[in-house]
Amino acid sequence: MTHNRLAAVASALLAAALLQPLAAVPRAVAHASGGSRTTAVDTITAEAVWIDRDTVAWNGVPGAASTQLLYSLDGSLTTSATGADVHRIRLEKTALSDAQKARFPHLKDSTAWSVDPRDRDRVREAVKGQLVVSQRAQNGAVLAATGVQIAGVLDDLYPGATKAHLGPVFHDGRPTLSVWAPTAQSVSLELDGSVKRMRRDDATGVWSVTGPASWKGKPYRYVVKVWAPSVRKVVTNKVTDPYSVALTADSERSLVVDLDDKSLAPKGWQALRKPKAVPLRDAQIQELHVRDFSIADKTVPRKDRGTYLAFTDTGGDGSRHLRRLAESGTSYVHLLPAFDIATIPERKADQAVPDCDLTAFPADSERQQECVGKVAGKDAYNWGYDPFHYTVPEGSYATDPDGVARTVEFRRMVQALNGDGLRVVMDVVYNHTAASGQADTSVLDRIVPGYYQRLLADGSVANSTCCANTAPENAMMGKLVVDSVVTWARQYKVDGFRFDLMGHHPKANILAVREALDALTPQKDGVDGKKIILYGEGWNFGEVADDARFTQATQKNMAGTGIATFSDRARDAVRGGTPFDADPGVQGFASGLYTDPNTTTANGTREEQKARLLHYQDLIKVGLSGNLAGFRFTDTGGRQVTGAQVDYNGAPAGYAEAPGDALAYADAHDNESLFDALAYKLPKGTSPGDRARMQVVAMATAALSQGPALSQAGSDLLRSKSLDRNSFDSGDWFNAIHWDCADGNGFGRGLPPAADNRSKWDYARPLLTTVRVGCPEITGASAAYRDLLRIRTTEQAFSLATTADVQRHLSFPLSGKDETPGVITMRLGSLVVVFNATPERQEQRVGALAGTPYTLHPVQATGSDHTVKTSSYTAATGTFTVPARTVAVFTR
């Protein structure tokens, strides 16, 4: 296209643009007056960022004669600044201050524009309407234009809003309903079919209304008139309360409810006695989905299966198993998201079920996943990482989703788990919402559009977390996180919180949560907030990666805070490869790498396998130290190294400052269950008994580490999801836990759903028809794991408090160039632990211990695992002999 032709097209497009509202115009190209440069007049995106009341950051174009911010309360703005309601705020070029660059590091190289002092009294009005920053040539032609992001200016204009009490608040029996909506042109309350006026506090942007005691229990919504950039017009939204504490079925209305109402407290709730608090560094955690727990448990009354109340059925197989784990040392049950979920129909009558006999198909059939897939999204199942309302229990887990039953029954669940000897962790998902814009399940973005969601450079909503990312770096989203967590802690007596994708939160936000919890006292709040544990996923990725927008709550940044992050280092070393390998047969320490090789070529040559296995053993040693950055030991190459000097895919393996900074695990809800990963990786001819033993070896590397450890509920029972690597929407058929070994372990229930597993089907088919385990393997693995838990939680050596303590008491005496591939020998105070992942009996001679008496730990010596009882020790030579695929603990 020639230069003249380009200019002609640009002129035609610009002429057309002047005849329609700016927000409806597609990208156009304008020819800059007096030169050959072409620039975009962008009327769709929002590349300008209004960071505070005085400053807009936007690069614009060179050579403009004027720059201005235009706003229109009725959304009638056009590129020619005409329309029924158009106002102008003059902008002058300036520079970002150091403080502004620190607050918005991703904008540090942007051109800054200062709001003309004569126009600053109109800033509060401007944010209520359509906003565009534009630049004009000397002759008045528009050179460039773009929409405006407003989160920064709102935080600057309304700092007092962070102290507001939002949602329903009761005083002397009378409720006040408050919502933050600073950009709204009007807000009213729709209460039980009638509309009430709300009053705006101009200092905070909060709208509120106080009503009589008769409002209690009534359904309500807010009616919000606001400019919505996603649809480019002023809309009137009828929307539920972001601070809802109770809901009608399917979240159609909020309810005016006082959570302090005594009628919502189960018997004994106020005097609830919790199990003794366990410090985070000693936490042994079972990760559990509410529905998975009981939906297939025939010992639970049918009406309670899949609900909160199943936990109160103490005679059920699931509850009995949790008590056995608690008696062995498990201290916490971590519940997958149980707040209000956007993707589950809450009324049982609306929940679809597969219309075929799933039990009738072969173990390697495609039919099961096909039948389940047809109702996915309409059935009763989802992991729950689709937040709708953050501070209300999910209704599909209640016997009646319409009203406050969910509140009472959630509390009864907590009460029951505490009675079983377990404290309760909630999985919370504040890093994204299920939807944004004008979607039906969008709440925050329909009240303050463009504020609560994180916006990219072009103004679109970031979705690196899977869905519409939130922006906890913005003051009121950060406040929502803190307020919601505190409500769960105070009103539901939750004992801990696991933050999904915590690395997408600012470190400061998570520390603010910690500070708010620490302020809770038994006398004032009924809970001791200092004993509430916090941990999360500290992954570093997306638009916030490498602290691009703020100091993130990532693995390295959270070290030393007392808030733990999941450690993937030892997990990958134990299982082998990564969760994302094209060939799932890549082996690791506990799946036979080098010592019991399978046939996949992805493992490399024998020499490569040995080298990788030895490096994996170094990663596991770092994991056993609690992932300490400063822990010094001899690696398998014979070098003196620290944990931080051991490589993990280009990053330091050790990143923790103290035990408790890193959380160890071998499996969780994400990716294949441990049994399924081992099914892919162990040689196909591996016996059922050996599969069970390797499961225990893998779990032991987490359970016997310094710091907290987590396992997926049912892993000690060899739980399988029939090789499904992402079962978030795979229904009960693939997800249910089978507590009774007579029901099997879930393996061989058909090929896993195609969406996330089709590329692995050729690997899966031969396994699904041949791999089998039965009651001896299932019950034996669980008993062996529980023995290890007893040792871990009764021996103080596993509970070291500082890096110095770990350095003094922990060593790997046989580490070095002559280390046995597939065997790790750990000395820990008066204990020696031998992890033998090989298929052969192994002798480990520790010369320095010759003459020192050791015996097999009494728990294992009197336990149910007959194989470990054949372990022995020869004092004369300091030799520990351990049978194949066994973890043995010796004591003196």
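These numbers were taken from a predicted model, which means no experiment stands behind them.
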Check ion pair Arg199-Asp201 (N to O, under 4.0 angstrom): no
Side-chain contact, heavy-atom cut-off 4.5 Å: Val256 with Leu177? yes
For Glu346 and Asp402, run side chain to side chain contact (heavy atoms under 4.5 Å, CB included): C-alpha distance rounded to whole Å, both residues' side-chain angles, the deciding distance at 0.1 Å, then the answer. CA-CA 9 Å; Glu346 291 188 337; Asp402 201 9; over 6 Å; no
Scan side-chain atoms only and decide if His334 and Asp427 contain a donor-acceptor pair under the 3.5 Å cut-off. yes
Identify whether the distance between the nearest side-chain nitrogen and carboxylate oxygen of Lys530 and Asp518 falls below 4.0 Å. no
If every non-hydrogen atom of Asp379 is compared with every non-hydrogen atom of Ile344, which pair is closest and at what distance? O-CG2, 4.1 Å
Between the main-chain N or O of Val153 and the side-chain N or O of Asp52, is there a donor-acceptor pair closer than 3.5 Å? no
For the residue pair Tyr390 and Pro242, establish whether any side-chain heavy-atom pair is separated by less than 4.5 Å. no
Between the side chains of Asp74 and Gln130, does any donor sit under 3.5 Å from an acceptor? no
is_close_aromatic(Trp215, Phe170), centroid dist under 6.0 Å: no
Does the side chain to side chain donor-acceptor pair (under 3.5 Å) test come out yes or no for Ser396 and Gln351, once each step is laid out? CA-CA 9 Å; Ser396 69; Gln351 296 168 353; 5.0 Å; no
Write down the atom of Leu501, the atom of Glu537, and the distance for their closest heavy-atom approach. N-OE1, 2.9 Å
Taking the side chain as every heavy atom from C-beta outward, state whether His505 and Phe550 have any pair of such atoms under 4.5 Å apart. no
Is it the case that over 12 heavy atoms from other parts of the model lie below 6.0 angstrom from the CG atom of Asp440? no
In terms of side-chain heavy atoms, does His669 have a donor or acceptor partner in Glu287 at a distance below 3.5 Å? yes
Whether Tyr492 and Trp488 hold their rings parallel, tilted or perpendicular, with breakpoints at 30° and 60°: tilted
With a 6.0 Å cut-off (strictly less than), is the heavy-atom count around NZ of Lys238, excluding the residue itself, greater than 12? no
Considering non-hydrogen atoms only, spot the tightest contact between Lys479 and Lys163 and give its length. NZ-C, 4.3 Å
Below 4.0 angstrom, N of the basic side chain to O of the carboxylate: do Arg305 and Asp297 qualify? no
Between Asp202 and Tyr158, the two heavy atoms sitting closest are O-CE2, 3.4 Å
Please evaluate residues Lys531 and Asp495 with respect to the criterion salt bridge (Lys or Arg N to Asp or Glu O under 4.0 Å), reporting the C-alpha separation (whole Å), side-chain torsions for both, the decisive distance (0.1 Å), and the verdict. CA-CA 7 Å; Lys531 293 179 179 177; Asp495 306 294; over 6 Å; no
Test item: side-chain donor near acceptor, His389 and Asp340, under 3.5 Å: yes
Can any side-chain N or O of Thr162 pair as donor or acceptor with the backbone N or O of Pro159 at less than 3.5 Å? yes
Apply side chain to side chain contact (heavy atoms under 4.5 Å, CB included) to the pair His289 and Trp383, showing each step before the final yes or no. CA-CA 7 Å; His289 185 272; Trp383 277 349; 4.3 Å; yes
Minimal non-hydrogen separation, Tyr243 against Leu480, with atom names: OH-CA, 3.4 Å
Ionic contact status for Asp250 with Arg347, cut-off 4.0 Å: yes
Cationic tip of Lys493 above Trp269 ring, under 6.0 Å, 45° of axis: yes
Arg412 atom CZ, neighbour heavy-atom count above 12 within 6.0 Å: no
Qualifying residue, where the test is side-chain contact (heavy atoms from CB on, under 4.5 Å) with Tyr332 and the options are Leu710, Leu417, Ile533: Ile533
When you check the gap from the basic side-chain N to the acidic O, do Glu252 and Arg221 get nearer than 4.0 Å? no
So, Thr470 side chain and Asn431 main chain: donor-acceptor pair closer than 3.5 Å or not? yes
Val429 vs Tyr385 side-chain heavy atoms within contact, under 4.5 Å: yes
Is a side-chain N or O of Ser294 found less than 3.5 angstrom from the main chain of Gly306, in a donor-acceptor match? yes
Aromatic plane relationship, Phe311 with Phe293 - under 30° parallel, 30 to 60° tilted, over 60° perpendicular: parallel
What's the shortest heavy-atom distance between Asn474 and Ala151, and which atoms? ND2-CB, 3.3 Å
Could you work out, with side chain to side chain donor-acceptor pair (under 3.5 Å) as the rule, every residue matching Lys216, not counting sequence neighbours? Asp261
For the atom pair CG (Leu511) and CD1 (Ile563), what is the distance rounded to the nearest 0.5 Å? 5.0 Å
CA sep, side-chain torsions, deciding dist, call: Val226, Val234, side chain to side chain contact (heavy atoms under 4.5 Å, CB included): CA-CA 5 Å; Val226 67; Val234 176; over 6 Å; no
Please walk me through it: do Glu409 and Thr399 pass side chain to side chain contact (heavy atoms under 4.5 Å, CB included)? CA-CA 8 Å; Glu409 292 174 6; Thr399 56; 2.5 Å; yes
Output yes when Lys196 and Glu190 qualify as a salt bridge under the 4.0 Å nitrogen-oxygen rule, no when they do not. no
Is it the case that over 12 heavy atoms from other parts of the model lie below 6.0 angstrom from the NZ atom of Lys524? yes
Judged by modelled atom types alone, do Ser178 and His165 share a side-chain donor-acceptor pair under 3.5 Å? no
Under a 4.5 Å cut-off applied to non-hydrogen side-chain atoms, are Pro449 and Thr183 in contact? yes
For Met476, does its backbone N or O pair with a side-chain atom of Tyr451 as donor and acceptor, under 3.5 Å? yes
Please tell me if the side chains of Leu534 and Phe499 come closer than 4.5 Å, counting only heavy atoms from C-beta onward. yes
Pairing donors with acceptors under 3.5 angstrom, does anything connect the side chains of Thr487 and Thr391? no
Exercise: do Glu125 and Tyr71 side chains pair donor with acceptor under 3.5 Å: yes
Looking at Lys274, I'd like to know if its NZ atom is crowded, meaning that more than 12 non-hydrogen atoms belonging to other residues, nucleotides or ligands lie closer than 6.0 Å. yes
Gln438 side chain to Asp445 side chain, donor-acceptor N/O pair below 3.5 angstrom: no
Examine the side chains of Asp241 and Ser254 and answer whether a donor and an acceptor come within less than 3.5 Å of each other. no
Assess whether atom NZ of Lys218 is packed by more than 12 heavy atoms of other residues, nucleotides or ligands within 6.0 Å. yes
For the residue pair Arg320 and Thr314, establish whether any side-chain heavy-atom pair is separated by less than 4.5 Å. no
Pairwise side-chain contact, Val424 with Leu335, heavy-atom cut-off 4.5 Å (strictly under): yes
Consider only side-chain N and O atoms of Tyr430 and Asn509, and report whether a donor and an acceptor are under 3.5 Å apart. no
Please lay out, stage by stage, how Arg498 and Asp500 fare under the test salt bridge (Lys or Arg N to Asp or Glu O under 4.0 Å). CA-CA 6 Å; Arg498 177 266 194 192; Asp500 183 62; 3.3 Å; yes
Verify the distance criterion only: is there a donor paired with an acceptor across the side chains of Gln453 and Thr433 at less than 3.5 Å? yes
Quiz question: by atom type and distance under 3.5 Å, do the side chains of Asn735 and Tyr381 form a donor-acceptor pair? yes
